[in-house]
Amino acid sequence: EEGRAIRDYDDHLHLTMADPCERFRELLARIGYTNAVYGLMRAAAVRRTGLFGTYVASDEVFQAELVLQGTFWEIPEVLFFRRIHAAASSVMSRAERLKSYRPERARGAEMSRWKRLLALTRVVERSGLDRSQRLRLHAYLARTAIWNRDVLAREVFETTRGIVGGLFRSLRA
């Protein structure tokens, strides 16, 4: 925020494996800050994506779609400097991020983790990969959902509570 370096950050997204399934899994396992969206990429590959959605983590989904099309190469030279400040999305609370994506729905039922999971599933389906590769990736996403079932269940609970609470408030008004 004050113009001085805080730390070096390596995305660890040098994903040059031949297998697109391995690149996809590695991207999702390694991704932190989504700095790679500011990198150089082929325009034709970008045109084949769904671009960014209006939900939290749509930048991750965009990169997942790109990594299924080809390899990611990181060069060993620092060419990007990210400015971290109070209004940066990477330091915002979840509620603030939701509001920045969809101000009109900031208090509504967003289900952002479910949206990300569904979007990744769609990315796999439209990837052009053969059936066995798509099945491998769907199995990976299903395992990821099972591992994160508590977080996904909490999101359903919070959303349901918000909807029911809103109904009761409107009935009282």
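In this text, all values refer to a predicted model and were calculated from it rather than measured experimentally. Residue numbers run from 1 in the order of the sequence given.
Every side-chain contact (heavy atoms from CB on, under 4.5 Å) that Trp114 has, sequence neighbours left out, goes to Met111, Leu117, Leu152, Glu155, Val156. By the side-chain contact (heavy atoms from CB on, under 4.5 Å) test, Ala45 pairs with Arg42, Arg48, Leu66, Gln69, sequence neighbours left out. Under the ring pair (Phe, Tyr, Trp, His ring centres under 6.0 Å) criterion, His14 pairs with Trp73, not counting sequence neighbours. Take Thr16 and apply the side-chain hydrogen bond (donor to acceptor under 3.5 Å, both in side chains) test, not counting sequence neighbours, and it matches no residue. Residues passing the salt bridge (Lys or Arg N to Asp or Glu O under 4.0 Å) test with Arg116, sequence neighbours excluded: Glu60. In terms of the salt bridge (Lys or Arg N to Asp or Glu O under 4.0 Å) criterion, residue partners of Arg126 (sequence neighbours excluded) are, by chain and number, Glu65. The side-chain hydrogen bond (donor to acceptor under 3.5 Å, both in side chains) test applied to Asp150 returns no partner, not counting sequence neighbours. Residues passing the side-chain contact (heavy atoms from CB on, under 4.5 Å) test with Ile146, sequence neighbours excluded: Arg149.
The salt bridge (charged side-chain N to carboxylate O under 4.0 Å, His left out) contacts involving residues 132-142 comprise Asp19-Arg136, Glu125-Arg134, where partners must be two or more places apart or lie in separate chains.
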Apply the test side chain to side chain contact (heavy atoms under 4.5 Å, CB included) to residues Phe24 and Leu120: give CA-CA distance (whole Å), side-chain angles for both, the deciding distance (0.1 Å), then the verdict. CA-CA 10 Å; Phe24 183 87; Leu120 288 169; 4.1 Å; yes

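Contact of the His138 side chain with the Thr121 side chain is registered, since non-hydrogen atoms from C-beta on lie closer than 4.5 Å.
The heavy-atom pair separating Ala29 from Tyr140 by the smallest distance is N-OH, 4.5 Å. Smallest separation of non-hydrogen atoms from Phe72 and Leu13: CB-O, 3.2 Å.
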